[in-house]
Protein chains: 2
Amino acid sequence: MTTYGQWCPVAMAAEVLTERWTPLIVRELLCDSTRFNDLRRGVPLMSPSLLSKRLETLRRVGVVARVGGEYRLTPAGEELRPIIELMGVWGRRWAMGDVEAKHHDAGLLMWDIHRNIVADRLLAATSR
Amino acid sequence: MTTYGQWCPVAMAAEVLTERWTPLIVRELLCDSTRFNDLRRGVPLMSPSLLSKRLETLRRVGVVARVGGEYRLTPAGEELRPIIELMGVWGRRWAMGDVEAKHHDAGLLMWDIHRNIVADRLLAATSR
DNA sequence: CCGTATCCCACTAGATACTG
DNA sequence: CAGTATCTAGTGGGATACGG
């Protein structure tokens, strides 16, 4: 977790949240996955060693706590919920097929189509 | 921008937002920095070539548009505002000195002290 | 079931210099 | 002012195999 060298709250949050896979792990934890292999099933394309490493990082920064072999969000972790939820709202609106909601701009539409194609290809590999 | 291979809105948003420096660039754009060198001043530790690359990525995914030599957020970009703002709230509460607001847990407090020390060291290098 | 260890390569991003 | 080019070191993370 490299720092940004800025005394800015956004940067602080970014240091925690913008590591690869981390928002998805938090999403799983918010959905009450608590065991290692539960979490794995939520991010099946992530290697177990990396998941382990991320959970350790999250523990170190105080977002996750280990309670009796379970991973649980701390209060600080729980308060990431609105951020993850808003990310979901944004992603659905702007990166997925929620075309009705957005402006019918040609550039955006092209991007949307592109993203759908990519996603379709990947859909074969995963369930969620 | 590698994908997560998940048909999940959180993952879609994460693909855009969790690249290094990106949330800070969006923060600057939300504060009405529009010129390249304005943005640079906001992220002084970032190399210009990387900033250029990030802006191009943001343009490609439809978050930023170039209007007459200026970088401006699209509607999709503008709708990232609540996410960045919440990141700021979280960062201030949990990663900076807003001790009053959090539980007086020893572990968290230690972490807070640690973070402050790190930040103090970095404060010499940057203004913001 | 619950992880850790190891290997290794692609790629990221930092440094620096340079140009219109 | 507004970027682009180049170069390289380091590391993040994917794959795989293994141990508690």
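Every chain is numbered from 1 and lettered A, B, ... according to where its sequence line falls, protein lines coming before strand lines. Here the structure is a predicted model, which is why all the values come from computation and not from measurement.
- No donor-acceptor pair closer than 3.5 Å links the side chain of B:Thr22 to the backbone N or O of B:Thr18.
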Hey, mind stepping through B:Glu79 and A:Trp94 against side chain to side chain donor-acceptor pair (under 3.5 Å) and telling me if it holds? CA-CA 9 Å; B:Glu79 288 190 22; A:Trp94 295 104; 3.0 Å; yes

Protein-nucleotides 15-20 of chain D N/O pairs closer than 3.5 Å?
unit_1: D:dA15; atom_1: N6; unit_2: A:Ser49; atom_2: OG; d: 3.2

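- Residue A:Arg20 places none of its side-chain N or O atoms closer than 4.0 Å to OP1 or OP2 of C:dC11.
- The distance between atom OH of B:Tyr4 and atom C1' of D:dG13, rounded to the nearest whole Å, is 12 Å.
- The phosphate of D:dG13 (OP1 or OP2) has a side-chain N or O of A:Arg54 nearer than 4.0 angstrom.
- As a whole-Å value, the separation of B:Phe36 CZ from D:dT4 P is 7 Å.
- Remark: C1' of D:dA2 and CG of B:Asp38 are 11 Å apart, rounded to the nearest angstrom.
- Between B:Met12 atom CE and A:Arg92 atom CZ the span is 13.0 Å, to the nearest 0.5 Å.
- In this structure, A:Arg41 forms no cation-pi arrangement with A:Phe36, as its terminal cationic atom is not both closer than 6.0 Å to the ring centre and no more than 45° off the ring axis.
- Put simply, CE on A:Met46 is 13 Å from P on D:dG12, counting in whole angstrom units.
- In this entry the distance linking CD of A:Glu56 with P of D:dG13 reads 16 Å, nearest Å.
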Show the distances under 3.5 angstrom between N or O atoms of the protein and N or O atoms of nucleotides 18-20 of chain C.
none

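- Each of B:Leu55, B:Thr34, B:Asp38 was evaluated against B:Tyr71; a single residue qualifies, B:Leu55, per the side chain to side chain contact (heavy atoms under 4.5 Å, CB included) test.
- The minimum heavy-atom distance linking A:Ile25 with A:Arg54 is given by the pair CD1-CB, 3.5 Å.
- Considering every non-hydrogen atom in both B:Ser33 and B:Leu39, the closest pair reads CB-CD2, 3.7 Å.
- Here the separation of D:dA17 from C:dC2, taken at their P atoms, is 22 Å to the nearest Å.
- A donor-acceptor distance shorter than 3.5 angstrom exists from the side chain of A:Arg27 to the backbone of A:Gly42, with no hydrogens or angles considered.
- Distances shorter than 4.0 Å separate some side-chain N or O of A:Arg35 from OP1 or OP2 on C:dC2.
- A distance of 11.0 Å separates CG in A:Leu24 from CG in A:Leu29, rounded to the nearest 0.5 Å.
- Of the side-chain N and O atoms in B:Tyr71, one or more sit less than 4.0 angstrom from OP1 or OP2 of D:dG3.
- Whole-Å rounding puts the B:Leu50 CG to C:dC11 C1' distance at 13 Å.
- Looking at A:Lys53 and A:Glu56, no side-chain N of the basic residue comes within less than 4.0 Å of a carboxylate O on the acidic one, giving no salt bridge.
- Distance check, rounded to the nearest 0.5 Å: CZ of A:Arg72 to CD of A:Glu78 gives 11.0 Å.
- Look at A:Arg40 and you won't find any side-chain N or O under 4.0 angstrom from OP1 or OP2 of C:dG3.
- Computed from coordinates, the A:Leu55 CG to D:dG13 P distance equals 14 Å when rounded to whole Å.
- Residue whose closest nucleotide on DNA chain D sits further toward the 5' end, between B:Asn37 and B:Lys53: B:Asn37.
- The two residues A:Trp90 and B:Ala76 come nearest to each other via the heavy atoms NE1-O, 2.8 Å.
- With a cut-off of 3.5 Å on both pairing distances, the Watson-Crick and G-U wobble pairs of DNA chain C assemble into stems of 3 or more at C:3-20 with D:1-18.
- Rounded to whole Å, atom P of C:dT12 lies 8 Å from atom CD of B:Glu19.
- OP1 and OP2 of C:dC2 both lie 4.0 Å or more from every side-chain N or O belonging to A:Arg66.
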